[in-house]
> 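Would you mind keeping the following structure in view while I ask a few things?
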Amino acid sequence: MARYAQVQGSVALITLTNPPVNALSAAVRLGITEAVTRALRDPKVKSVVICGENGVFCGGADIREFAKPMTGPPLVPMISAIEEGDKPVVAAIEGVAFGGGLELALGCHYRIAHSKARVGLPEVTLGLLPAAGGTQRLPRLIGLAPALELITTGRHVTAQEALKLGIVDKVTDQSAQDLAIQFAQEVIGQPLLPRKLSTQLTPCPPDVDTILDEAMARVKQRARGAMAPVACVQAVRAAVNLPYQAGMQKEQELMAFLFRSSQARALQYCFFAQRAVGKWSLSSGAHSGNSKPRPVTKAAVIGLGTMGRGITVALVKAGLSVVAVETNKKQLEMGKQMVSAMLKHDAQKMNAVPRLDLLHYTTDLSELKNTDLIIEAVFEDMALKKEVFKKLSSVCKPDAVLCTNTSGLDVDELASVTKRPELVVGMHFFAPAHVMKLLEVVRGSRSSPEVMATAMHLGKRLGKVSVVVGNCSGFVGNRMLRPYLDQANFLLEEGATPELVDGALEEFGFPMGVFKVSDLSGLDVGWRIRKEAGLTGPNVDPKDPLRRRQGRRYSPLPDLVCEQGRLGQKSGRGWYLYDKPGGRVATPDPDIHKLLEDYRVRHGIRPRQIGSQEVLERCLFALINEGFRVLEDGMAMGPEGIDMIYVFGYGWPRHRGGPMFYAAMVGLPRVLERLEYYQQVHPDVPHLQPSSLLRRLVVNGSPPLDKWRDFLQRPHSQL
Ligand SMILES: CC(C)(COP(=O)(O)OP(=O)(O)OC[C@H]1O[C@@H](n2cnc3c(N)ncnc32)[C@H](O)[C@@H]1OP(=O)(O)O)[C@@H](O)C(=O)NCCC(=O)NCCSC(=O)/C=C/CCCCCCCCCCCCC(=O)O
């Protein structure tokens, strides 16, 4: 796992060999330890170079090992032995040096990086801290403020920035390994002590306490309950206040606390789940490994509303040539201006030139003859979308892929109006589409494996986390949202306020509670959907009482709020009050409290005290229950897909792993017991009826999440 060679007569070359990222597994650590001992003992060796095979230095500790009992030599003494040795050691960094990989490099006396290399300490994103000396050596090397920023955010830096910060000593466009070997010979005999970071003091500005206090306040505010960033600041504080060995002791103590935490487990689960969803498979046997994507060089977007503009920007940023179609001339002009502005803004941030040359605007669908893939993003109306698809089917080349950005309409119904249903697929982006990482790729019953591969591959090019889902109403994300929203409204009826419900959800870790999100999105969106579904407005069955629709409990509260012209942020009033239309700062509104009180009086509801626990259980367990139904219905490949949808699309706190992971952490028997309880209290809410899959899992001893698939009834997959 580490190769040893002697080169140029006196240089020992140690190469990490653990593809694909040379993670520091037990075997690699053993290999490095043995190789370093050999090099330090061999009198013919005067200096050492450490590098990684296949153009990657090291992706850090082996994350898969964290779930198992530790074996092999520990990292800390391994790195100390390198630093303490009396021969200069040079790290040759190609590809990446992340986490333990950078800590290994910091234990070396010199670091040389390839110009395309990136370095960083991303442990915080895994619920950990850089506990192989990273929190003690990096501040000593680059100073307090930059070290705090890198360690608490896990941000990756380019070789050029690493050079400026002083993390690396040289950057080369040639082979980092060759330069390191040459450099290792040049530094033989130079004093090593100043290069041993553990012997140095952290450079301290006079306002050191202020810097640390501000950093702590900042991470607490951003962390939304995540513990690792806070522990990172505490560890870096030790690098300032304590001698190196005591600082290391503090680093280990903090790591021991984080290492076994549920947050670390959740974040590490997310790391692997994010990668797992890219490896899709269909019930037909087609999968990401055997299905080839079609080449896409020219794409089109139909409709330049909010979604269409964001999708256009995302495509151009990925280097695709894009035809943007908008039949309404005024809307086209407005769209054009906004797309250009967004592209210019992004390019400015990255010091690049906006690729406006990749764009062509038109009102004419017949200009799509040569496009490889078209994304329809017109108004969410089935009749309109069908009309567009019919036209696309006749004007586009026969093998062009037709995608819809619908957020929940039937993809098969759209495919049925084309002459190529096998080339139709859903690509459900989330607003703003050029920013949000999530993409639901919706498989219609006739979507071909090739077309799935094309959509998934395009998602990857756009930098999205793409998840394959089945074609059901609302797909996965929005389908699970409905019971969550319903419960939030029912809680208002029963005695809660918007700020009480939102407070509990924000305390849980959501960036915004459900009512603030609704205000942000615009309350009229849901109102229109409810009208179309016959839940409110003229199509309501006259026999239905006000708080009952289609055989189940219904809360008309959101409709009443809309009827008062309170449409959310855009009108300056929604569930909250804003300082002006378009204002962002929500304040609780006495008028809403009055509306709720009057409503309860009118309907004879005695308000009761509602606590955070009930808010969380009712909102989150109802959502989770629908997640089990999604699995049972075969609409998702597995719980990982659902979790990634919620983490990347709906603000579910990553340190809680996603709803299905959270359910497993809470304990499935507990989730089942609470759902049964609430269902008894609210028998007219079918969403609270526990799913059969949840019951089956509990009966079978609550197996771990990666075994849930074994308990699905077959044939189950709609994918
Ligand atoms: C940028 C990457 C490296 C590569 O990206 P890309 O090219 O796109 O490829 P990927 O698809 O992401 O990855 C390819 C496959 O490799 C797998 N992978 C990647 N990195 C790792 C890794 N570090 N470990 C294991 N596996 C890894 C990945 O899953 C893919 O596999 P597959 O194809 O899906 O099967 C990118 O991958 C990346 O960013 N990787 C992660 C980098 C990272 O986060 N590194 C930090 C790791 S944590 C670390 O280094 C910690 C160091 C401190 C060590 C402390 C030592 C532990 C002390 C224990 C304390 C004990 C307390 C005990 C208390 C008690 O007693 O209870």
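Whatever order the structure lists them in is the order used to number ligands and atoms, beginning at 1. Since the structure is predicted, the reported quantities are computational estimates derived from the model, not experimental observations.
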> Of the choices Leu121, Val56, Leu126, which has the non-hydrogen atom that lies closest to atom 48 (S) of ligand 1?
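It is Leu126 whose heavy atom sits nearest to atom 48 (S) of ligand 1.
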
> What atoms of ligand 1 come closer than 4.0 angstrom to any heavy atom of Gly99?
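Every atom of ligand 1 under 4.0 Å from some heavy atom of Gly99: 46 (C), 50 (O).
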
> Look at atom NZ of Lys170 and say whether more than 12 heavy atoms of other residues, nucleotides or ligands are closer to it than 6.0 Å.
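No, not enclosed.
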
> Which atoms of ligand 1 are found less than 4.0 Å from any heavy atom of Phe271?
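Counting atoms of ligand 1 from 1, those under 4.0 Å from Phe271 are 19 (C), 20 (N), 29 (O), 40 (N), 41 (C).
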
> Is Val647 close to Lys437 at the side-chain level, that is, under 4.5 Å between some pair of heavy atoms?
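Not in contact.
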
> Could you tell me which atoms of ligand 1, counted from 1 in the order shown, lie closer than 4.0 angstrom to a heavy atom of Ala131?
53 (C)

> Any idea which of Glu123, Met70, Lys279 brings a heavy atom closest to atom 52 (C) of ligand 1?
Glu123

> If you count the atoms of ligand 1 from 1 in the order shown, which ones are under 4.0 Å from a heavy atom of Pro20?
14 (C), 15 (C), 16 (O)

> Is there any N or O on Phe259 that sits under 3.5 Å from an N or O of ligand 1?
no

> Using a 4.0 Å heavy-atom threshold (strictly under), name the region of Asp62 that reaches ligand 1: side chain, backbone, both or neither.
both

> Are the aromatic ring centres of Tyr662 and Phe508 under 6.0 angstrom apart?
yes

> Tell me which protein heavy atom sits closest to atom 23 (N) of ligand 1, plus the residue, atom name and distance to 0.1 Å.
Ala61 O, 2.9 Å

> Check ligand 1 against Glu103 and write out every atom of the ligand that is under 4.0 Å from a heavy-atom position of the residue.
52 (C), 53 (C)

> Would you check the N or O atoms of Ala256, main chain and side chain alike, for any that come under 3.5 Å of an N or O of ligand 1?
no

> Any atoms of ligand 1 less than 4.0 Å from a non-hydrogen atom of Phe272? List them with their elements.
29 (O)

> For Arg275 and ligand 1, does the shortest N/O to N/O distance drop below 3.5 Å?
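For ligand 1, there is an N or O atom that lies under 3.5 Å from one belonging to Arg275.
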
> In terms of residue, atom name and distance, what is the protein heavy atom nearest to atom 1 (C) of ligand 1?
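Going atom by atom, the protein heavy atom closest to atom 1 (C) of ligand 1 ends up being Phe98 CE1, 3.6 Å.
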
> I need the nearest protein heavy-atom contact for atom 54 (C) of ligand 1: residue, atom name and distance, please.
Leu75 CD1, 3.7 Å

> Under 4.0 Å from atom 9 (O) of ligand 1, do we find at least one protein heavy atom?
no

> May I ask you to decide if the ring planes of His428 and Phe430 are parallel, tilted or perpendicular, using 30° and 60° as cut-offs?
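Tilted: the ring planes of His428 and Phe430 meet at 30° to 60°.
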
> Might you work through the side-chain contact (heavy atoms from CB on, under 4.5 Å) test for Val36 and Val48, ending with a clear yes or no?
CA-CA 8 Å; Val36 168; Val48 183; 5.7 Å; no

> Scan the protein's non-hydrogen atoms and note whether one is under 4.0 Å from atom 50 (O) of ligand 1.
yes

> Do the side chains of Asp372 and Arg294 get close enough for a salt bridge, i.e. N-O under 4.0 angstrom?
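Arg294 and Asp372: not salt-bridged.
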
> Are Lys464 and Glu440 within salt-bridge range, i.e. N to O under 4.0 Å?
no

> Tell me whether ligand 1 is touched by Gln252 - counting only heavy atoms on the residue side and a distance under 4.0 Å.
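No heavy atom of Gln252 comes that close to ligand 1.
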
> Can you sort out which atoms of ligand 1 are near Gly60, meaning under 4.0 Å from one of its heavy atoms?
50 (O)

> Check this for me: does any side-chain nitrogen of one of Arg275 and Glu640 sit under 4.0 Å from a carboxylate oxygen of the other?
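Salt bridge flag = no for Glu640 with Arg275.
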
> Write out the residue and atom name of the closest protein heavy atom to atom 4 (C) of ligand 1, then the distance separating them to 0.1 Å.
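Going atom by atom, the protein heavy atom closest to atom 4 (C) of ligand 1 ends up being Val21 CG1, 4.0 Å.
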
> If you count heavy atoms of other groups shown closer than 6.0 angstrom to CE of Met350, is the number above 12?
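Atom CE in Met350 is not packed in, count stays at 12 or less.
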
> Under the salt bridge (charged side-chain N to carboxylate O under 4.0 Å, His left out) criterion, do Glu84 and Lys196 qualify, and how do the steps go?
CA-CA 7 Å; Glu84 284 161 15; Lys196 298 183 178 191; over 6 Å; no

> Within the structure, does Gly59 bring an N/O atom to less than 3.5 angstrom of an N/O atom in ligand 1?
yes

> Measure Pro122 to ligand 1 on non-hydrogen atoms and call it side chain, backbone, both or neither using the 4.0 Å cut-off.
side chain

> Name the closest protein heavy atom to atom 60 (C) of ligand 1, giving the residue it belongs to and the distance to 0.1 Å.
Met255 CG, 3.9 Å

> Counting only nitrogen or oxygen atoms and a 3.5 angstrom limit, does Arg260 reach ligand 1?
yes

> Strictly below 4.0 Å, N to O, side chains only: are Glu53 and Arg3 in salt-bridge contact?
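The answer is yes: the pair qualifies as a salt bridge.
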
> Which residue and atom name correspond to the protein heavy atom nearest atom 35 (O) of ligand 1, and how close is it?
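For this ligand atom, the closest protein heavy atom is Arg64 NH2, 3.3 Å.
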
> Under 4.0 Å from atom 33 (O) of ligand 1, is there at least one protein heavy atom?
yes

> As a quick check of understanding, evaluate side-chain contact (heavy atoms from CB on, under 4.5 Å) for Val236 and Leu138, giving each step before the final call.
CA-CA 9 Å; Val236 175; Leu138 191 66; over 6 Å; no

> Starting from atom 24 (N) of ligand 1, what is the nearest protein heavy atom, named by residue and atom, and what distance separates them?
Ile63 N, 2.9 Å

> If you scan the protein for heavy atoms around atom 40 (N) of ligand 1, do you find one that is closer than 4.0 Å?
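Yes, at least one protein heavy atom sits under 4.0 Å from atom 40 (N) of ligand 1.
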
> Less than 4.0 Å between atom 17 (C) of ligand 1 and some protein heavy atom, yes or no?
no

> Salt bridge or not between Lys292 and Glu450? Use side-chain N to carboxylate O under 4.0 Å.
no

> Test your reading of the model: is there a side-chain donor-acceptor pair from Thr202 to the backbone of Cys204, 3.5 Å cut-off?
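It does not hold such a pair.
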
> Is the shortest heavy-atom distance from the side chain of Leu104 to the side chain of Ile82 under 4.5 Å?
yes

> Does a salt bridge link Asp169 with Arg195, judged by any charged N lying under 4.0 Å from a carboxylate O?
yes

> Atom NE2 of His457 and atom OG of Ser466: how far apart are they, to the nearest 0.5 Å?
10.5 Å

